[in-house]
Each structure stands twice: as structure tokens, then as C-alpha cells.
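Let me begin by presenting the structure, written as C-alpha cells, before commenting on it.
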Protein chains: 2
Amino acid sequence: MSITIKDVAKKTGVSIATVSRIVNNQSGYSEKTRKKVVQAIAELGYSPNALARGLVGQATRTIGVLLPNVSSLFAGKLLEGIESAAQQQGYSVVVCNTGSEGERTDDYLAVLKQKRVEGVLYASGVFSKEMAEKLAGIGMPAVTVATKSHEETVPFVKVDDRTAAFDGTSYLIEKGHRKIAFIGGELSDPVAGLPRFEGYREALAAHGLKVDDHLLRFGDFRFEAGKEQMQSLLESETAFTAVFATSDEMAVGALHAAREGGVRVPEDLSVLGYDNTLAAEMALPPLTTVEQPLRSMGEAAFASLTGERKSVTAGHKIVERQTVVQIEEDIK
Amino acid sequence: MSITIKDVAKKTGVSIATVSRIVNNQSGYSEKTRKKVVQAIAELGYSPNALARGLVGQATRTIGVLLPNVSSLFAGKLLEGIESAAQQQGYSVVVCNTGSEGERTDDYLAVLKQKRVEGVLYASGVFSKEMAEKLAGIGMPAVTVATKSHEETVPFVKVDDRTAAFDGTSYLIEKGHRKIAFIGGELSDPVAGLPRFEGYREALAAHGLKVDDHLLRFGDFRFEAGKEQMQSLLESETAFTAVFATSDEMAVGALHAAREGGVRVPEDLSVLGYDNTLAAEMALPPLTTVEQPLRSMGEAAFASLTGERKSVTAGHKIVERQTVVQIEEDIK
DNA sequence: CTGTTAGCGCGTTCAT
DNA sequence: ATGAACGCGCTAACAG
């Protein structure tokens with residue numbers, strides 16, 4: 001079949017042990033034989049078999065990444081960071097598109113185990129207790145990205161969602177907004193749903209404002225949901241001057257609904273997004289948003305997985321573009 | 001370390017050969033021993049070592065995917081299709097972000113070879129002759145997606161770009177447009193640049209129109225380029241009623257420039273995109289575009305790679321949304 | 001129906 | 001400085 005270490009040993013007249021030493025640049029050979037071997041390797045086009053190596057050495061230099069939706073901008077950025085860090089360390093990453101509800105997760109975990117990956121990065125929505133146990137059960141190191149486990153056993157890399165949402169909401173308030181609608185993930189979602197809502201609520205409270213139930217909407221984080229919830233908001237009786245949508249896609253959906261409803265952004269309504277994916281940049285008008293540094297979070301997650309395996313909370317910030325404007329304070 | 005076939009053999013009192021047969025559901029064992037073994041496997045949590053399997057069987061059930069930019073919507077959709085088809089066949093896919101100029105391609109190829117992947121999908125911009133030779137040299141099957149090789153040795157999966165651009169342009173003409181600007185990839189790009197321009201030119205010719213050099217702009221396929229080229233177009237003296245941008249990102253860039261320049265879409269100007277990624281859906285107004293069925297192209301590419309390895313040209317179509325409108329024929 | 005054995009390609013003692 | 005030999009976990013003959 002393919003050419004093996006034996007071939008280069010034979011060709012150079014040394015033993016496979018020596019070739020092995022040279023390939024893995026250890027010590028124990030003369031410069032002369034080294035040269036001979038290196039040349040033979042080049043001539044033969046020898047490439048060490050990673051399977052055999054892995055079989056003996058227990059190091060596959062491969063990790064798995066579990067994502068609910070690879071084709072999203074969100075996943076793309078994360079993946080870019082992960083992949084970049086991995087490549088630099090000589091690791092390969094196999095992508096696993098688990099489905100929006102994570103329905104294929106178990107299947108993937110099974111093959112990842114068979115392939116003896118050195119760990120998995122979990123960026124697949126909610127990280128349940130069962131997941132943690134399952135992972136522990138099959139003995140694979142894991143770290144979650146943009147998600148948090150209830151178990152303290154699994155390190156995470158994420159922004160502080162509550163604080164980020166608090167800051168985003170405060171920003172809106174500082175711009176003079178008092179009636180701020182909220183479109184977010186379901187409150188049953190303990191990682192991206194509830195905390196962001198809490199941040200929103202706490203920011204209002206901190207400024208002496210109260211939350212108006214008529215101004216609250218929930219859905220998944222997709223474009224369609226944002227659009228629908230915004231439509232619903234527009235149909236309600238209650239007036240508002242700003243919306244905080246906790247994903248850029250949702251915010252863009254809101255932009256669409258607003259336009260269809262004849263409300264101008266930002267003249268009639270300010271809109272704040274979350275994530276700062278390309279969607280925010282490409283939105284018309286360009287979207288002001290709370291940034292999660294997805295790319296560097298991906299890098300950090302890889303580093304954590306293959307390194308000390310500890311949690312890191314990434315810094316968020318507000319990226320100002322054109323959808324949020326200052327309004328008169330006394331509109332009330 | 002991990003639990004092996006020996007452990008389950010020992011536990012059940014049969015030989016490893018029998019266990020192997022059962023695991024790979026071959027024939028040659030009684031139902032009774034099967035049950036015993038299956039149970040032991042479950043109890044022990046045995047998971048076959050794919051490395052060992054691959055070492056003997058020469059089947060790693062893994063492919064590599066080379067992409068210039070994983071985080072783009074374009075790559076995301078492609079990857080989704082590839083991944084989906086792969087998963088269904090029990091294959092894993094390792095992603096390789098080669099960089100916009102494919103600068104990391106060689107490095108990736110080297111590790112993919114070591115890992116003995118069964119083939120690579122190349123969706124990484126231009127597929128040069130050197131690439132083809134390199135791949136052939138290391139003996140890895142490949143198929144290109146949304147790209148075409150000059151060599152006939154490598155199968156491809158793509159739409160007919162010339163015809164797709166022809167159809168897109170014709171669509172604009174049928175809508176009454178006579179002055180149609182073009183924003184595309186560099187003509188030196190033999191796969192997505194030149195052919196699309198040719199389609200544009202031929203469509204004009206077929207309708208008795210001639211191409212106006214003042215209305216032609218080129219760049220990479222990114223958002224920024226589209227914006228810049230559109231700005232440049234707006235500054236020129238020549239009037240036009242429509243723009244055909246050969247990527248959705250570019251088209252959205254054009255939308256931005258138009259808005260900044262005070263020209264309304266579609267009232268003052270029609271805009272046609274290319275790809276039909278999420279960017280088209282999320283654009284404001286929603287973008288009419290020439291669709292490439294990226295997801296199914298990804299699936300087809302995987303099928304081709306692991307199957308008969310033959311080329312397929314995917315069907316394109318025009319997805320009508322809101323950026324192209326009929327205008328009076330006699331505007332001229 | 002079931003067990004033994006020989007590799008797959010490599011890293012690693014242990015000798016020399 | 002170098003080589004022989006074992007074993008990683010498994011599949012595939014080959015024997016019974």
C-alpha cells in the first residue's frame with residue numbers, strides 16, 4: 001500500500017528504530033545517517049501513519065467540536081477561532097453538526113470516542129447535566145464554549161451574559177430610552193435565555209425603571225423569530241422607543257418587521273443586537289450590538305481543552321453603529 | 001487504558017475473533033453467545049478503537065474539507081451539506097481553514113495524509129494545476145466543490161456559472177433594464193470571475209445590448225468590495241438602472257453604498273445578487289438573487305468523493321425577493 | 001460455530 | 001550510535 005517506515009529503513013540500510021528516532025527527532029544517531037534517512041524520506045515521499053502512531057502513543061491530535069448549526073455566522077466565527085488555534089498546535093478538528101436540538105449529539109459522541117479524539121468542545125446550546133455525565137462516563141475531556149454547565153466539572157469559556165445584557169440595556173437607557181422592549185431566548189434556557197433577561201431587568205431596576213410585561217418577547221435566536229416577535233410587539237398597544245434583541249439575527253429580523261410596519265430605524269425606533277457577527281455589519285442600517293468575541297473565545301476554548309482546562313470569561317463590549325440613537329429624555 | 005476487545009472476550013469467555021465478528025455483525029456465532037457478548041459490551045462500555053481498525057482495514061471513514069474561509073455564510077452552507085451527507089454514511093469531516101489565499105493548504109494536506117483520510121473536498125478558491133498534481137502526487141482522491149479544475153482528472157460539483165450569470169442578466173433585461181452595471185470577481189479568476197462576466201456579456205449581446213466599460217467593476221467577493229465598487233459606480237457619470245453583483249455579500253455591500261449615496265432600492269435601482277446565502281434573506285430589502293444550491297452541492301460532492309467520483313453540475317435558479325423590479329421599457 | 005495466529009505501521013524497551 | 005523484538009487493538013485468514 002502506502003509507503004512505510006520499513007521502506008525507508010530498507011532503502012537506507014538502517015533499522016526502523018533509527019528511522020523512527022529521526023522522524024521524531026530524538027537523539028541517538030549520527031549526523032551522517034540522519035542525512036541519509038532524511039533524503040530517503042523525501043525521495044520516497046514517506047509520511048508517517050498517524051493511525052499507527054495513535055495506536056501506540058495514545059495521541060491522536062484531534063478534537064471534536066459539537067455545534068447545533070454549522071452554517072450560522074455565530075458558529076462560523078467560533079469555529080474559525082477554534083480551528084486556528086488547533087492548526088497552530090498541529091491539531092485537527094472534526095466538526096459535528098448536532099442539529100438545533102442537539103438530536104445527533106449521541107451519535108457523534110460515539111464516533112468521536114471510537115476515533116479517540118483527545119477532547120470535545122461543546123458549543124451546542126444548553127449543556128445539560130446528562131451531557132456532563134455522559135461525557136464523564138465515556139471519559140472524554142470537554143469544555144463548553146458560549147455555554148455553561150451546571151456541573152462545575154466542565155470548564156467553560158463564555159462572556160458574562162447577565163452583565164453584558166445589563167450593559168447593553170444600560171447603554172440604551174443612557175441614550176435616553178425609557179420604554180425598552182426585549183426580544184430574547186426562552187427563559188427556560190439557563191445560559192443564553194434567562195441571564196440576558198435578568199441583565200435587562202436589573203439594568204432597568206438600577207435606573208429606577210420597571211419592566212413592562214407587554215414589552216417582553218421570547219423565541220429561539222433565529223432571524224425568523226426576531227421578525228415574528230417584533231411584529232407582535234408592533235401590534236401591541238404599548239409604545240416603546242427601543243428594542244434589545246439578544247442575537248444579531250433576531251435584531252435583523254426586528255429590522256425587517258419594523259420596515260414592513262413602516263417604522264423607521266433609528267428615527268422612530270432604536271435597535272440593539274447581541275453577538276456582533278457579520279450580520280450586524282451587513283444589516284441596513286448597520287447594527288449597534290453587544291459584542292461577544294467569538295473568535296477569541298474559540299481560541300481560548302481550544303487552549304483550555306488541551307491545556308489547564310480552566311474556565312475563562314471573555315470580555316464583551318458595545319459596538320456602536322447606526323441603529324441606536326440618543327432621544328429626548330422627556331419623551332418618557 | 002481504555003477497555004478493549006480482549007476485555008470483553010475475557011469477560012464472556014469467548015475469543016476476540018468471535019467478539020470481532022459480533023461487533024461487525026458478520027456471521028459465525030450462535031444467538032446465545034451473541035447475547036452474552038452484546039451484554040458484556042454494554043456493561044463494559046466497550047467502544048471499538050477506530051485507529052486500530054483503520055490500521056488494519058485501511059478505512060478511516062474520515063474526509064478533509066479545504067475551505068478558504070470557514071466563517072462565511074457560503075462556506076457554512078457548503079459545510080452543512082457535506083457534513084450531513086458524511087454523517088449519514090458514518091464519516092467524519094475535518095475542517096481545514098486554508099486562508100483566503102489558500103496559504104495553509106500544504107500544511108493541511110500533509111496532516112490529512114498522515115491521518116490517512118479517504119479523500120478531500122476542495123472548496124478553496126481556484127484549483128490550480130499544481131494543486132491537482134500535488135493531490136495526485138500524494139495519492140489522495142479529491143473532488144472540487146464550487147470550483148473547477150483545469151485538469152480533467154479531478155471531478156467537480158458546481159453550477160454552470162456562465163449560464164447562471166447569463167440567466168441572471170437576462171432576467172434583469174426582461175424586467176426592462178437596459179443599463180446594467182456589473183460587479184464581479186477578477187477576470188483572472190477562471191472559475192467564479194471570468195465565466196460570470198462572460199455570461200453577463202453574452203446575455204447583453206443576445207438581447208442586442210452592448211456592454212459599457214464604465215459600468216464594470218471587479219473585486220473579491222466580500223462585502224467591503226461590493227460596497228467600494230458600488231461607490232465607484234455611483235461616482236461615475238454613466239447612468240444605470242440595475243446592478244448585477246456576483247455574490248450576495250457584494251450585493252449587500254452595494255445596498256449599503258446605494259443607501260449612503262441616497263439612491264433607493266428598488267425604486268431607483270434594482271440589485272441582483274448571487275449565491276442565495278442567508279445574507280440575501282437578511283438583506284433589507286430582501287435580495288433577489290441567483291441561487292447556487294450550496295447545501296445539496298455539498299451533499300453531492302461528498303457522494304462523488306466516496307462514490308463514483310464523477311462531476312455533477314448543479315442547477316441554479318433565480319430567487320425573487322424585493323430588490324429587482326420591472327421598469328418602463330422606454331426609459332432606455 | 002469457534003479459537004489461533006499473523007500482521008497493519010509504529011514507538012519503545014533492552015541489548016549490543 | 002544502532003538493531004531486534006514486543007505490543008498497541010483489531011481484522012482476516014486458517015484451523016478445527
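The chains referred to below are lettered A, B, ... by the order of the sequence lines, with proteins before strands, and numbering in each begins at 1.
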Name the nucleic acid region contacted by [X], choosing base, sugar-phosphate or nothing; use a 4.0 angstrom heavy-atom cut-off, strictly under.
{"X": "Ser20(A)", "value": "base"}
{"X": "Val23(B)", "value": "nothing"}
{"X": "Thr33(A)", "value": "sugar-phosphate"}

Please name the pair of heavy atoms, one in [X] and one in [Y], separated by the smallest distance, quoted to 0.1 Å.
{"X": "Val145(B)", "Y": "Ala301(B)", "answer": "CG2-CB, 3.7 Å"}
{"X": "Val37(B)", "Y": "Val8(B)", "answer": "CG1-CG2, 4.2 Å"}
{"X": "Glu118(A)", "Y": "Arg61(A)", "answer": "OE2-N, 2.5 Å"}

Counting only side-chain N and O atoms of [X], is one of them less than 4.0 Å from OP1 or OP2 of [N]?
{"X": "Lys32(B)", "N": "dC1(C)", "result": "no"}
{"X": "Ser30(A)", "N": "dA1(D)", "result": "no"}
{"X": "Gln26(A)", "N": "dT12(C)", "result": "yes"}
{"X": "Arg53(A)", "N": "dG11(C)", "result": "yes"}
{"X": "Asn49(B)", "N": "dC8(D)", "result": "no"}

Over how many whole Å does the gap from [X] atom [atom1] to [N] atom [atom2] extend?
{"X": "Arg116(A)", "N": "dC8(D)", "atom1": "CZ", "atom2": "P", "result": "14 Å"}
{"X": "Lys115(B)", "N": "dG9(C)", "atom1": "NZ", "atom2": "P", "result": "19 Å"}
{"X": "Leu51(B)", "N": "dC10(C)", "atom1": "CG", "atom2": "C1'", "result": "12 Å"}
{"X": "Lys35(A)", "N": "dA1(D)", "atom1": "NZ", "atom2": "P", "result": "16 Å"}
{"X": "Asn24(A)", "N": "dC10(C)", "atom1": "CG", "atom2": "C1'", "result": "9 Å"}
{"X": "Asp7(A)", "N": "dG9(C)", "atom1": "CG", "atom2": "C1'", "result": "10 Å"}
{"X": "Gln114(A)", "N": "dT11(D)", "atom1": "CD", "atom2": "P", "result": "10 Å"}
{"X": "Lys10(A)", "N": "dG3(D)", "atom1": "NZ", "atom2": "C1'", "result": "15 Å"}

Item to check | Residues Arg295(B) and Glu299(B) bridged, charged N to O under 4.0 Å | outcome: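 Here Arg295(B) pairs with Glu299(B) in a salt bridge, since their nearest N and O are under 4.0 Å apart.
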Next on the checklist: Assuming nearest nucleotide by heavy-atom distance, tell me which of Val19(A) and Lys6(A) is located more 5' along DNA chain C.
Outcome noted: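 Going by which nucleotide is closer to the 5' end, it is Lys6(A).
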Item to check | Position toward the 5' end of DNA chain C (nearest nucleotide), Val56(B) or Arg34(B) | outcome: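 First, find each residue's nearest nucleotide; the 5'-ward one identifies Arg34(B).
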To the side chain of [X], which of [options] is closest?
{"X": "Leu55(B)", "options": "dT11(D), dG9(D), dA12(D)", "result": "dG9(D)"}
{"X": "Arg21(B)", "options": "dT2(C), dG9(D), dC10(C)", "result": "dT2(C)"}
{"X": "Thr18(A)", "options": "dT2(D), dC10(C), dT2(C)", "result": "dT2(D)"}
{"X": "Ser15(A)", "options": "dC10(D), dT2(D), dT2(C)", "result": "dT2(D)"}
{"X": "Ile5(B)", "options": "dC10(C), dT11(D), dG3(D)", "result": "dT11(D)"}
{"X": "Tyr29(B)", "options": "dC8(C), dT5(C), dT2(C)", "result": "dT2(C)"}

Next on the checklist: Would you say the rings of Phe127(B) and Phe156(B) are close, in the sense that their centroids are separated by under 6.0 Å?
Outcome noted: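 Not close enough - the centres of the two rings lie 6.0 Å or further apart.
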Next on the checklist: Are Met131(B) and Val126(B) packed together at the side-chain level, in the sense that at least one heavy-atom pair is separated by less than 4.5 angstrom?
Outcome noted: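 Side chain of Met131(B) against side chain of Val126(B), heavy atoms only: no contact under 4.5 Å found.
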